[in-house]
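Read the structure below first, then the notes.
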Amino acid sequence: MFPIIVILAPIIGYLLTRKWFVIPLLIFVVFTILTFTIFNESFFIWTVLYTILSLIISLIMKFLKK
């Protein structure tokens with residue numbers, strides 16, 4: 001479920017805001033909060049990976065929309 005959200009959020013977020021860094025930053029903040037409230041500290045590895053995936057997709061969207 002999380003990978004699907006992480007793939008769709010940057011696409012939709014970039015189309016709405018036209019800023020490539022907003023959604024990866026938001027994903028990092030949300031998943032960091034989830035790491036320490038719902039999951040354990042080992043989930044932080046997934047937080048970093050999801051943030052990197054979101055950043056890559058956002059940058060791809062930025063270069064495709066130019």
Side-chain angles (χ1 to χ4, degrees):
M1 185 78 166
F2 289 141
I4 295 170
I5 294 170
V6 170
I7 290 171
L8 292 177
I11 295 170
I12 296 169
Y14 183 79
L15 293 174
L16 292 175
T17 63
R18 299 284 184 210
K19 298 192 184 334
W20 63 270
F21 58 87
V22 173
I23 300 300
L25 182 63
L26 182 67
I27 286 176
F28 180 75
V29 169
V30 168
F31 278 112
T32 300
I33 292 169
L34 288 176
T35 296
F36 295 111
T37 57
I38 296 176
F39 303 108
N40 56 15
E41 288 80 20
S42 65
F43 187 75
F44 191 71
I45 296 168
W46 289 107
T47 300
V48 172
L49 291 175
Y50 288 148
T51 304
I52 292 170
L53 177 64
S54 174
L55 185 63
I56 291 169
I57 293 171
S58 291
L59 289 173
I60 289 172
M61 286 297 295
K62 177 184 175 186
F63 291 118
L64 286 178
K65 283 298 188 174
K66 276 191 172 183

Exercise for the section: State yes or no: do L34 and F44 share one hydrophobic cluster built from I, L, V, M, F, W and Y residues joined by side-chain heavy-atom distances below 4.5 Å, directly or via other members? Expected result: no
Fill in the blank from the handout: In terms of heavy-atom contacts, T51 and T47 come closest through OG1-O, 2.7 Å
Exercise for the section: Kindly compute the distance separating NZ (K62) from CG (L55), expressed to the nearest 0.5 Å. Expected result: 10.5 Å
Pair up each side-chain donor or acceptor in residues 3-11 with any protein partner under 3.5 Å, not counting sequence neighbours, and list the distances.
none

Practice task
Report whether F28 and Y50 are members of the same hydrophobic cluster (ILVMFWY, side-chain heavy atoms less than 4.5 Å apart, transitive linking).
Solution key: no
Handout entry: From M61 atom CE to L15 atom CG, the distance as rounded to the nearest 0.5 Å
Key = 4.0 Å
Exercise for the section: Assess whether atom CG of L16 is packed by more than 12 heavy atoms of other residues, nucleotides or ligands within 6.0 Å. Expected result: yes
Practice task
Scan F39, F36, F2 and name whichever one has a ring-ring contact (aromatic ring centres under 6.0 Å, His included) with F31.
Solution key: F2
Fill in the blank from the handout: Nearest heavy-atom contact between T35 and E41 is CG2-CA, 4.1 Å
Practice task
State yes or no: do L53 and F21 share one hydrophobic cluster built from I, L, V, M, F, W and Y residues joined by side-chain heavy-atom distances below 4.5 Å, directly or via other members?
Solution key: yes
Exercise for the section: Determine whether I56 and L59 fall in the same hydrophobic cluster, where Ile, Leu, Val, Met, Phe, Trp and Tyr are linked whenever their side-chain heavy atoms lie under 4.5 Å apart. Expected result: no
Exercise for the section: Answer with yes or no whether the hydrophobic clustering places I52 together with I60; edges join I, L, V, M, F, W, Y residues whose side-chain heavy atoms lie under 4.5 Å apart. Expected result: yes
Problem - Residue pairs fulfilling side-chain hydrogen bond (donor to acceptor under 3.5 Å, both in side chains) with at least one residue in residues 12-33, sequence neighbours excluded - result: none
Handout entry: Value rounded to 0.5 Å, distance of CG in L49 from OG in S54
Key = 12.5 Å
